[in-house]
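Only this structure's heavy atoms are used, side chains among them; waters, hydrogens and symmetry mates stay out.
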Amino acid sequence: MTEHLGGAVIPTGFDVPVEPLRRATHFTGEPGCIAEARAFAAQFLEQLRTEWCARIDRAADGELLLLVSELVTNADRHSDGPYILELEGTDTAVTVSVCDSSTALPQLFPKNPRRVGRHGLEIVHALATDIAVERVPVGKRVIARFALTR
């Protein structure tokens, strides 16, 4: 922080970079994992509100939980092993990262309201500002950036 006194700039010593809030957890694919992932993300958002003074409206709150739900559901359905959910956030954005053991990259299908299922990545694309997929030694990582302010 910098204070201005009579036109002079006085450094106060608080101008230090602050690391984003980071949390990670893993799931085995047991029943209830998706609900646990949503609860983990909801707790993360509360920490952002408290520690980062993030102003997150209820619509953004629900949309982020939907984004987490879709990514974790995809990992649960398409991998044979455990998966990891990582969240990193500030007062303006949250990055959601899900690593799983499947090497198959997610597919974005053309919009089709008559298709039953396979809309997960379509939903993720609608909610996230940026999406990336990368191969990792044990499978893949899907990364989605979500803006908290609209």
Side-chain angles (χ1 to χ4, degrees), residues 1-4 12-29 32-79 81-150:
M1 179 167 10
T2 304
E3 291 184 28
H4 300 274
T12 59
F14 294 105
D15 291 332
V16 294
V18 178
E19 290 292 317
L21 180 64
R22 292 184 181 98
R23 297 289 178 263
T25 188
H26 74 282
F27 300 99
T28 60
C33 284
I34 296 160
E36 289 176 31
R38 288 175 58 89
F40 181 78
Q43 183 180 17
F44 182 83
L45 287 172
E46 283 306 312
Q47 272 191 282
L48 278 180
R49 284 185 179 96
T50 304
E51 296 176 22
W52 276 84
C53 300
R55 294 183 183 181
I56 308 165
D57 63 34
R58 291 297 163 202
D61 207 4
E63 289 175 1
L64 181 68
L65 296 183
L66 176 58
L67 178 71
V68 167
S69 239
E70 290 299 329
L71 291 176
V72 170
T73 297
N74 287 343
D76 191 62
R77 286 187 180 161
H78 301 292
S79 69
Y83 44 93
I84 299 169
L85 169 64
E86 297 173 306
L87 301 172
E88 180 178 290
T90 65
D91 59 335
T92 59
V94 173
T95 301
V96 180
S97 174
V98 177
C99 295
D100 66 50
S101 61
S102 173
T103 57
L105 299 180
Q107 292 181 326
L108 180 61
F109 295 96
K111 291 182 181 183
N112 180 351
R114 293 183 179 188
R115 183 179 62 242
V116 177
R118 299 189 179 236
H119 293 280
L121 202 53
E122 188 178 333
I123 293 168
V124 170
H125 274 271
L127 296 172
T129 56
D130 295 304
I131 299 169
V133 179
E134 60 187 18
R135 293 191 189 274
V136 294
V138 295
K140 70 174 170 303
R141 174 182 290 131
V142 180
I143 305 161
R145 185 168 168 81
F146 180 83
L148 294 173
T149 55
R150 303 287 181 219

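Atom CG of Leu105 and atom CD of Glu134 lie 11.0 Å apart (nearest 0.5 Å). Remark: Ile56 CD1 to Leu48 CG distance equals 5.0 Å, nearest 0.5 Å. The structure places CZ of Phe146 at 11.5 Å from OG1 of Thr95, a figure rounded to the nearest 0.5 Å. With rounding to the nearest 0.5 Å, the separation of CZ in Arg145 from OG1 in Thr92 is 6.0 Å. The structure places CG of Asn74 at 9.0 Å from CD1 of Ile123, a figure rounded to the nearest 0.5 Å.
Counting heavy atoms from C-beta outward, Val96 and Leu87 have side chains that approach closer than 4.5 Å. By the 4.5 Å heavy-atom criterion applied to side chains, Asp76 and Phe27 are not counted as neighbours. By the 4.5 Å heavy-atom criterion applied to side chains, Val68 and Phe40 are not counted as neighbours. Side-chain contact between Gln107 and Leu121 is absent, with no heavy-atom pair separated by less than 4.5 Å. The side-chain heavy atoms of Asp91 and Leu148, taken from C-beta on, include no pair separated by under 4.5 Å. By the 4.5 Å heavy-atom criterion applied to side chains, Leu71 and Leu85 are not counted as neighbours. Looking only at side-chain heavy atoms (C-beta outward), Ser97 and Ile143 come within less than 4.5 Å of each other. Residues Val142 and Pro106 have side chains in contact (heavy-atom distance under 4.5 Å, counting atoms from C-beta outward).
Judged as a side-chain hydrogen bond (donor to acceptor under 3.5 Å, both in side chains), and not counting sequence neighbours, Arg77 has no contacts. Partners of Arg58 under the side-chain hydrogen bond (donor to acceptor under 3.5 Å, both in side chains) rule, at least two apart in sequence or in another chain, are Asp61.
Nearest approach of Arg135 to Thr103, heavy atoms of both residues: NH1-O, 2.5 Å. Residues Arg38 and Leu66 share a closest heavy-atom pair of NH1-N, 3.8 Å. Nearest heavy atom pair, residue Tyr83 against residue Ala75, reads CG-CB, 3.8 Å. Listed here is the closest heavy atom pair of Ala144 and Ala128: CB-CB, 4.0 Å. Closest approach of Cys99 and Glu86 over heavy atoms only: SG-OE1, 4.5 Å. For the pair Pro20 and Glu88, the tightest heavy-atom approach, listed with the atom from each and the gap, is CB-CG, 3.7 Å.
Salt-bridge annotation for Asp100 and Lys140: present, with a side-chain N of the basic residue lying under 4.0 Å from a carboxylate O of the acidic one.
Counting non-hydrogen atoms of other residues, nucleotides and ligands closer than 6.0 Å to NE2 of His125 gives a total above 12. Arg55 CZ: 12 or fewer foreign heavy atoms inside a 6.0 Å radius.
Between the side chains of Arg23 and Gln43, no donor-acceptor pair is found at a separation under 3.5 Å.
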